[in-house]
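For the single chain, residues carry numbers from 1 onward in sequence order.
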Amino acid sequence: ASLQGLDVDTYAFWKASRLHNSGVNRDLSLELLHDLLIDVDKNSGTGDGLSAMITTHEIWKRYGLLVTPDRRYTGSPNVFDGGWKYLEFDGLKIFFDKMCPANTIFLPNFDHLTLYEESDIRWSEEDGSLLKFEGSTDAYIAFLVYYSNLGTDYRRAHGVLEDISH
């Protein structure tokens with residue numbers, strides 16, 4: 001992969017941490033998660049700036065079940081709560097996203113991510129009219145236009161763990 005002439009195979013400083021198993025899924029383990037954190041820190045020196053982990057619902061649940069035996073119950077002795085509101089690993093919150101690719105955990109560093117916007121969100125008036133007649137029903141439609149992209153100034157500050165079974 002390259003961006004504006006910077007090929008990650010040629011320019012190692014542009015390569016993010018990617019731990020994978022060549023397309024063969026493996027069980028999630030605490031060791032794999034530690035390996036990812038260590039790899040990002042060794043490659044970038046920004047281990048303290050890591051922000052969160054983002055994964056699928058299935059892997060989020062798998063991690064919760066992995067650490068359930070280590071759970072400590074506090075509070076009222078008459079209440080047993082069998083679920084969890086959020087999960088953490090090494091102080092990083094783990095979030096799920098339905099758009100996350102399967103078998104993947106992302107480790108972004110929000111300090112090195114920027115939202116680049118071409119323009120503000122606006123209603124489309126390309127043909128001179130905000131409302132457009134639907135045609136097949138008695139309805140008008142309008143739509144928003146927003147051109148933006150998420151970019152990084154330091155790819156090595158991010159990581160991804162791939163090929164995780166769920």
Side-chain angles (χ1 to χ4, degrees), residues 1-72 83-126 143-166:
S2 66
L3 176 68
Q4 298 180 354
L6 292 175
D7 189 340
V8 295
D9 291 329
T10 305
Y11 301 99
F13 70 86
W14 192 236
K15 191 171 191 169
S17 293
R18 178 178 175 241
L19 302 183
H20 61 92
N21 199 33
S22 301
V24 178
N25 287 344
R26 62 224 158 134
D27 289 335
L28 178 64
S29 69
L30 299 179
E31 181 180 6
L32 282 174
L33 294 173
H34 278 292
D35 289 346
L36 180 61
L37 291 177
I38 290 167
D39 197 57
V40 170
D41 190 50
K42 280 183 177 179
N43 289 333
S44 68
T46 63
D48 290 342
L50 295 170
S51 307
M53 292 184 174
I54 303 169
T55 189
T56 63
H57 290 84
E58 294 81 13
I59 293 176
W60 183 83
K61 176 184 170 187
R62 174 79 46 214
Y63 175 74
L65 294 173
L66 178 68
V67 297
T68 295
D70 297 327
R71 184 175 180 168
R72 302 295 178 258
W84 51 80
K85 291 185 180 184
Y86 64 89
L87 298 170
E88 284 189 356
F89 176 76
D90 201 23
L92 299 172
K93 286 196 177 178
I94 303 174
F95 299 98
F96 54 79
D97 185 335
K98 67 181 181 179
M99 300 303 289
C100 187
N103 311 315
T104 305
I105 299 174
F106 288 100
L107 183 61
N109 184 324
F110 296 152
D111 292 340
H112 291 283
L113 290 175
T114 303
L115 181 64
Y116 296 98
E117 299 174 296
E118 184 178 308
S119 63
D120 291 333
I121 297 174
R122 62 180 172 81
W123 292 104
S124 175
E125 298 182 61
E126 301 302 319
F143 61 95
L144 292 171
V145 177
Y146 181 57
Y147 298 103
S148 65
N149 207 346
L150 188 62
T152 183
D153 62 349
Y154 193 43
R155 267 180 86 171
R156 290 172 64 174
H158 312 284
V160 62
L161 181 60
E162 297 175 326
D163 305 325
I164 302 297
S165 299
H166 54 78

Side chains of residues 56-64: which donor-acceptor pairs under 3.5 Å do they make with residues two or more places apart or in other chains?
residue: Thr56; atom: OG1; partner: Ile59; partner atom: N; Å: 3.2
residue: Trp60; atom: NE1; partner: Ile94; partner atom: O; Å: 3.1
residue: Tyr63; atom: OH; partner: Glu88; partner atom: O; Å: 2.7

| task | Check whether any side-chain N or O of Thr104 sits under 3.5 Å from a backbone N or O of Ala102 as a donor-acceptor pair, and report yes or no. | result | yes
| task | Taking atom CZ of Phe110 as the centre, report whether more than 12 heavy atoms of other residues, nucleotides or ligands fall under 6.0 Å from it. | result | yes
| note | Those residues at least two apart in sequence (or on a different chain) that pass side-chain hydrogen bond (donor to acceptor under 3.5 Å, both in side chains) with Asp153 are His112
| Pairing residues for Phe106 by the ring pair (Phe, Tyr, Trp, His ring centres under 6.0 Å) criterion, not counting sequence neighbours | none
| query | Just how far is it from atom CG of Asp41 to atom OG of Ser17, taken to the nearest 0.5 Å? | reply | 9.5 Å
| message | What's the separation between atom CD1 in Ile54 and atom SG in Cys100, rounded to the nearest 0.5 Å? | response | 7.5 Å
| message | Between Leu107 and Leu161, is there a side-chain heavy-atom distance shorter than 4.5 Å? | response | no
| query | Atom CG of Leu87 and atom CZ of Phe96: how far apart are they, to the nearest 0.5 Å? | reply | 9.5 Å
| request: Check whether any side-chain N or O of Thr152 sits under 3.5 Å from a backbone N or O of Tyr154 as a donor-acceptor pair, and report yes or no. | output: yes
| message | Any non-hydrogen side-chain atom of Met53 less than 4.5 Å from a side-chain atom of Leu37? | response | yes
| Distance, nearest 0.5 Å, that separates CG of Leu144 from OG of Ser124 | 9.0 Å
| message | Would the distance check show the side chain of Asp163 and the main-chain N or O of Gly23 forming a donor-acceptor pair, the cut-off being under 3.5 Å? | response | yes
| Side chain proximity check, Leu32 to Ile164, heavy atoms < 4.5 angstrom | yes
| Residues which pass ring pair (Phe, Tyr, Trp, His ring centres under 6.0 Å) with His166, listed by chain and number, not counting sequence neighbours | none
| request: Over all heavy atoms of both residues, which pair between Ala52 and Phe95 is shortest? Give the atoms and the distance, please. | output: CB-CE1, 3.7 Å
| request: Report the C-alpha distance between Ile105 and Leu28 in whole Å, list the side-chain angles of each, state the deciding distance to 0.1 Å, and finish with yes or no for side chain to side chain contact (heavy atoms under 4.5 Å, CB included). | output: CA-CA 10 Å; Ile105 299 174; Leu28 178 64; 3.9 Å; yes
| message | Holding to side chain to side chain contact (heavy atoms under 4.5 Å, CB included), I want the full list of residues that pass it with Lys42, two or more places apart in sequence or in another chain. | response | Ile38
| Atom OH of Tyr146: over 12 foreign heavy atoms under 6.0 Å | yes
| salt bridge (Lys or Arg N to Asp or Glu O under 4.0 Å): which pairs involve residues 99-117, sequence neighbours left out? | none
| request: For residues 18-40, pull every pair meeting salt bridge (Lys or Arg N to Asp or Glu O under 4.0 Å), keeping only residues two or more places apart or in separate chains. | output: Arg18-Glu162
| Heavy-atom check, side chain of Leu113 versus side chain of His158, under 4.5 Å | yes
| Any side-chain heavy atom of Asn109 sitting closer than 4.5 Å to one from Val40? | no
